[in-house]
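These notes are about the structure you will find just below.
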Amino acid sequence: MSSNPVAETVASLMPRARAELTELVAFKSVADFDQFPKSESEAAARWVADALTAEGFEDVALLDTPDGTQSVYGYLPGPAGAKTVLLYAHYDVQPPLDEAGWTTPPFEMTERDGRWYGRGAADCKGGVIMHLLALRALKANGGVPVHVKFIAEGSEEQGTGGLERYAEAHPALLEADTIVIGDAGNFRVGLPTVTATLRGMTMMRVQVDTLQGNLHSGQFGGAAPDALSALIRVLDSLRAKDGTTTIDGLTPDASWDGLQYDEEQFRKDAKVLDGVELIGDGTVADRIWARPAVTVLGIDCPPVVGATPSVQASARALVSLRVPPGIDTDEATKLLLAHLETHTPWGARVSTERIGQGQPFSADTTSPAYAAMADAMAVAYPGQEMQYAGQGGSIPLCNTLAALYPHAEILLIGLSEPEAQIHAVNESVSPQELERLSVAEALFLRNYAAS
């Protein structure tokens, strides 16, 4: 990349990028205000707004979205008659989980073994920095050749739909010819990849009640219905013996015909323990990109330490269902609800609350924007051709944008390759990937403007 002026500029900006990402990672911007102060998210939003203002963006605003969070918007005008590109990232992050499991503090970005560690470093505060680097490189090499709209979401990880509802109420705000979502990732480090599909998601709280209150297990156990056991049984019914997701009425046998994921490489990426089997059947790509997948995210019940010998009267779980393209999330949610009600044993009372939902997404990879990105990635990653992959995760905003702007081309790139371990402890970003993808995005904007 060194012979390319854009690449040389990005390389020179990397120390600044590290310093800025360190500042941004330091905000504990988890959009769950029962766990983390709202002021942390608000401070992160102001940081992004200040960065946009410093880059010459106009109309910079903190948008109060219906879920109680803020999204940051700015507009950078380009040449008269130029195309408009929307750049997306999100500044909110997942909780750090068990902070004791982190080698270094989750909100203090630390370099180790050539990677930068910290919550949000890859997902997706690094995406904010990637967009800024690309724009700075263009400004230093002839200018930004398109109109740029920039949106940084404040609640993507919670799936509460604040920006989606705001966009629907203000449809002109984010309208663009092409949308670059900086919240995906390469298939592996060094292999340039665009994400062609996303699974949708529905998230559900499930509560089982059996008694008016807890009972002594010696006096009543064996006949009194145990809510925790009932919950375990209904959750177990969501998977077959081999681990395949089995929700009544939901087809679990679709296949993926694109880039394949070697099983041994997947075991390494997922850090599966020796001797532990993968779940499900079909190829790994089938299982993570083309089929529904249910996950129990958490259970409310007494912790082992301090537990009493009691029959539990109530128990609650948080369940996530990933929904592949070709299946409507609303219909999948109905099937999940019906399954939970049907499979709850002993006449126990089951109640549910949907707390997040998004539709799956498929991109049109034949569009001119994809050709422009392929050419850009070939320069940023010498000797490599751009690949198309799926992603098992969800970005609910994609479908909202596709519905609001059916003419717009949508591309998904980003820093969340397997080694990044997003959502897990010790999340990290590869600075080399940040550098190369920033170059690719800058060159894409130039290519697209000329197309």
Where is the tightest heavy-atom contact between [X] and [Y], given as atom of each residue plus distance?
X: Val146; Y: Lys83; answer: CB-O, 3.3 Å
X: Ser451; Y: Tyr448; answer: OG-O, 2.7 Å
X: Ala389; Y: Leu259; answer: CB-CD2, 4.1 Å
X: Ile288; Y: Arg199; answer: O-CZ, 3.0 Å
X: Ala332; Y: Leu250; answer: CB-CD1, 4.3 Å
X: Leu404; Y: Pro171; answer: CD2-CB, 4.3 Å

Output field: ring centroids Tyr88/Phe150 closer than 6.0 Å: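 No, the ring centres sit 6.0 Å or more apart.
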Exercise: do Asp123 and His90 side chains pair donor with acceptor under 3.5 Å: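 Per modelled atom types, Asp123 and His90 side chains form a pair under 3.5 Å.
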Flag, side chain of [X] to backbone of [Y], donor-acceptor distance under 3.5 Å:
X: Thr9; Y: Pro5; result: yes
X: Ser29; Y: Tyr91; result: yes
X: Arg136; Y: His131; result: no

Partner residues of Glu277 under the side chain to side chain contact (heavy atoms under 4.5 Å, CB included) criterion, sequence neighbours left out: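 For Glu277, no residue satisfies side chain to side chain contact (heavy atoms under 4.5 Å, CB included) once neighbours in sequence are set aside.
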Presence of salt bridge, Arg119 and Glu427, under 4.0 angstrom: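 Yes, charged N to carboxylate O under 4.0 Å.
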Audit row: Glu20, Arg16, salt bridge (charged side-chain N to carboxylate O under 4.0 Å, His left out) steps and yes/no: CA-CA 6 Å; Glu20 290 180 325; Arg16 179 181 177 184; 3.4 Å; yes
Around atom [atom1] of [X], are there more than 12 heavy atoms of other residues, nucleotides or ligands at under 6.0 Å?
X: Arg267; atom1: CZ; answer: yes
X: Asp257; atom1: CG; answer: no
X: Lys28; atom1: NZ; answer: no

